[in-house]
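Throughout, protein chains are lettered first and strands after them, A, B, ... in sequence-line order, and every chain is numbered starting at 1.
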2 protein chains.
Amino acid sequence: MRDTADHILDAAQDLIQTRGFSAMSFQDVADRVGIKKPSIVHHFPSKNALGEAVVRRYRERFAAALAAVRDDPEQDAWATLEFYFTPYLEFAHSAEKVCLCGALAGEILALPAGMRGEVRRFFENHQRWLEEILETGQGEGVFALFDAPRPVARLFVAALQGALLVKRTTGDIGQLLEVVETIRSCVRAGAKVDR
Amino acid sequence: MRDTADHILDAAQDLIQTRGFSAMSFQDVADRVGIKKPSIVHHFPSKNALGEAVVRRYRERFAAALAAVRDDPEQDAWATLEFYFTPYLEFAHSAEKVCLCGALAGEILALPAGMRGEVRRFFENHQRWLEEILETGQGEGVFALFDAPRPVARLFVAALQGALLVKRTTGDIGQLLEVVETIRSCVRAGAKVDR
DNA sequence: GTCTATACAAAGATAGAC
DNA sequence: GTCTATCTTTGTATAGAC
């Protein structure tokens, strides 16, 4: 049986991912978990603390998964890049889902300092990780980039996050698949840049 | 002297762009304009109506500017693309500014239906417009795209919106400039794709 | 660990004077 | 067109029983 604290975190994360942190209330979380409002306070002393715990867990899980794939000698650069697409493609199955940190970026100035820091670390980590993967793949001749690994990594992270948000707004799930496919064709070694 | 309704719209837009719609209140708007809460209601009967008016004005202004440049025979494809970067680069001057619709995309499911429709139309219009520009430029041999105009246009819009949000989160203004520069090098005719 | 009850502030909105 | 005053709901958070 699942721990109540975990259950609360799951409910809060889903609410933030869909409605945003400002629009989420203890009442919403309590209703989903099937408890009363004060029971949440027993596990998380304030709404800010709950929000920070949600983002920290999300960021740490993501970071651990990315580090594991990067350090797995079985995975080549292409497989590693494809692994990075996986969560985005899972978000694409539903019209409503976006990345937790992408959703929070829209209201970042209204968030408590602890949450802002977690979201910032999330993006910095993703950009550094992808830059490293692109550089490795480029060195091995697997990727052909039209610019340096750093700006290209930033372009890709921004495009994937932006595509999730636009997808949910327009309701066009194909949006995300198109962007992922375009990124693939963008780094494909067969598409050598000549200049 | 500026009309009060316009003043209210300006204040509300700035508040939504920074904190988000859910976190914005009549009190915040009233304080900025220098009036009391009920005076706002006289101009906009509800918070939802005010929010919808803000997004509609923003979308219509943007659409008019884009259409004007597209239909100006003086502007070639490159100048038109550069024109599209202008507002994004202006957002880049401040660490806090993002596109109104990019900010709203994060909390889209918490918005009233009228606002959701406006944000959707904003993105659909931008994607169609940019697709058309890319196609024209490609036909004239000015742009060299690594994929069809439609997916490339979607990638660019998503990347620009995502870059604004990431920029504000990390506080790194260079983020946006890098992405714009990467997009430029990405369509440059000198960088012909060979496959 | 969960509950009832409650405190306190802030929200959106309305009525009616000026 | 703007104000004061007020209504009603909802928010976060606390106190204390079980």
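- A salt bridge links A:Asp10 with A:Arg57: at least one charged nitrogen is closer than 4.0 Å to a carboxylate oxygen.
- For A:Arg59 (side chain) and A:Val119 (main-chain N/O), no donor-acceptor pair under 3.5 Å exists by modelled atom type.
- Annotation: A:Lys97, atom NZ; neighbour count of heavy atoms from other residues, nucleotides and ligands within 6.0 Å is above 12.
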**Asked** Which letter, B, S or -, goes with each nucleotide of nucleotides 11-18 of chain C from 5' to 3', with contact meaning a protein heavy atom under 4.0 Å?
**Response** SBSB----

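- In this model, the phosphate group of D:dT14 is not approached by any side-chain N or O of A:His42 to a distance below 4.0 Å at OP1 or OP2.
- Within residues 104-119 of chain A, no residue approaches DNA chain D, by heavy-atom distance under 4.0 Å.
- Between A:Glu178 and B:Arg154 there is a salt bridge, with a side-chain nitrogen of the basic residue lying less than 4.0 Å from a carboxylate oxygen of the acidic one.
- Looking at residues two or more places apart in sequence or on another chain, you find a side-chain contact (heavy atoms from CB on, under 4.5 Å) between B:Glu135 and B:Pro149.
- Per the geometry, CD1 belonging to A:Ile8 stands 10 Å off C1' belonging to C:dG1, to the nearest Å.
- Side-chain N/O atoms of A:Ser39 include none lying less than 4.0 angstrom from OP1 or OP2 on C:dG1.
- Each of A:Phe156, A:Tyr84, A:Phe122, A:Phe83 was scored for a ring pair (Phe, Tyr, Trp, His ring centres under 6.0 Å) with A:Trp129, with one residue passing: A:Tyr84.
- When rounded to the nearest whole Å, the span between NZ of A:Lys36 and C1' of D:dA13 equals 17 Å.
- Side-chain atoms of A:Lys47 come within 3.5 Å of backbone atoms of A:Met24 as a donor-acceptor pair (strictly under, hydrogens ignored).
- Atom-to-atom, CG of A:Leu50 to P of D:dG11 comes out at 15 Å; the value is rounded to the nearest Å.
- Under a cutoff of 6.0 Å and an axis angle of 45°, A:Lys167 and B:Phe123 do not form a cation-pi pair.
- Taking atom CD1 of B:Ile40 as the reference point, atom C1' of D:dG1 lies 13 Å away to the nearest angstrom.
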